[in-house]
Amino acid sequence: MSGVHRAVALAIALAVACCVLAPGCQQRSAANTALPDWSGAWLGNPMESFADFGFSPTAPDKHTQINPDDDSPVGRLPLTRAYKLELIRKRQTDQSMPGGMPSGTSMAKCIPPGMPAIMHHGSAIEFLFTPGRVTILIEDGEVRRIFTDGRAHPAPELIDDTVVGHSIGHWEGDTLVVDTIGMLPQAELFLDSGLNVTANTHIEERMHRRDTDTMQIDTVVTDPAIFTQPYRYTRLRPRSSQETFESQCMLNNRDTADGIDLSAPELSGTEPATPGAIQ
Amino acid sequence: MMSDNNALAARLAVGVAVAVGAISTVVWPQAVAHHSFAMFDSEKCRVVQGTVRKVQWSYPHAWLWLSVPDAERKQQLFGFEGGAPLELTRSQGWTKGTVKAGDKITVAYNPLRNTGNGGAFIVVTLADGKQLIRQGTRNACDGMPPLPR
């Protein structure tokens, strides 16, 4: 054995010895190698969610009618009377917008939708596994930190509420089971619905890779102020052939309360535009 | 050159099959956008030809800025909002260099409901005839052919 080979062998032996002497090292290595491969970008599709609450994004006259005086759901949503009335109020407010569509929503102001709405969004998501934690990166910039180290949620009065909430999780085979509470009141139930969570909204998710290119997420949202019974839904997310993108909403947001900001940017070229042409 | 879809249809009537509104492709819905696009009238489609003055490959949505000659041959500036770059890339393979300042293009768009030179671009036709279509839910610009060159 040459001197170089002896040095390499010694370095490997030292590394192995360090790992044997440090139990955490072994556990982390074993845990990470046992985790499934969820690499890649997993696309969302908001249309299923719009359909769930009877919302027609391009045809407001086709919104599902809401009857607050019976137990009928709105679309698939088992909404309480209070939230039906809230949804009616939101839609009436939105009539001020041409077409009766939601305007001035959190999304239009670039406020992150939060949980559970962001998981209805078209943004792709990406999973990162590190010891004791799964991290979900969402293309709009939101980050979900899911603690899988066995900890419990903090007491409610100790949680610093966030738009994505506080998440803990554990693995059942290749299924990640996630429990989320502690969202800020600005967090939305659905994209563009204008409906927000409460301090008691509780979200349970079961995530598993159904096949090579499909992530399945089964979700149950419970909140007695919002739903008369748990709202359950399943979403399938196809794996994208492309990487995730960065989409920072504030960079060129031209939404205004009642329309669009058409102020011209700095222009290229020598051909002058007529001053004042832009209204 | 400015035109609305009726005028365009008349101009194309000879020898050109006009299939306005005949196609409804749902691949990557507009609803992925961060607002509802309610400020644009998806029941109307207008078409302009002009020179690109600026491409804002930006979030939440990409914008195209076009100089368009009016009836008195004065240049008018139009602004067109599209999807997020990630949406345009995933649905149509656009990149930030697909449309560049100085390009002569034709834009079929849903006009603003309020006054203003602009709208939501749906079909962009490049000088070489290649079409970039912002796919979504049914739209008055679906299937819109380019203006004759």
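Here is how names work: the chains are called A, B, and so on, in the same order as the sequence lines, proteins then strands, and each is numbered from 1. Note that these values count all heavy atoms, side chains included, but never hydrogens, waters or copies made by symmetry.
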Q.
Does any backbone or side-chain atom of A:S240 lie under 4.5 Å from a heavy atom of chain B? Answer side chain, backbone, both or neither.
A. side chain

Q) Sequence neighbours excluded, which residues qualify as side chain to side chain contact (heavy atoms under 4.5 Å, CB included) partners of A:Q186? A) A:L184

Q. Which atom names give the shortest non-hydrogen contact between A:R254 and B:W63, and what distance separates them?
A. CD-CE2, 3.3 Å

Q: Flag the pair A:Q242 / B:L86 as yes when at least one side-chain heavy-atom distance between them is below 4.5 Å, and no otherwise.
A: no

Q: State which residues pass salt bridge (Lys or Arg N to Asp or Glu O under 4.0 Å) with A:E86; sequence neighbours excluded, sorted by chain then number.
A: A:R89, A:K90

Q. What are the two closest non-hydrogen atoms of B:P60 and A:C249, and how far apart are they?
A. CD-O, 2.9 Å

Q. Quick one: does A:E246's side chain get under 4.5 Å of B:Y59's, heavy atoms only?
A. no

Q) Are B:H61 and A:N252 side-chain neighbours, meaning at least one heavy-atom pair lies under 4.5 Å? A) no

**Q.** Derivation and outcome, salt bridge (charged side-chain N to carboxylate O under 4.0 Å, His left out), residues B:R90 and A:E139
**A.** CA-CA 13 Å; B:R90 285 188 172 131; A:E139 280 180 320; 2.7 Å; yes

Q) So do the side chains of B:W65 and A:L262 get within less than 4.5 Å of each other, counting heavy atoms only? A) yes

(Q) Donor-acceptor check, side chain of B:K54 to backbone of A:P265, threshold 3.5 angstrom: yes or no? (A) no

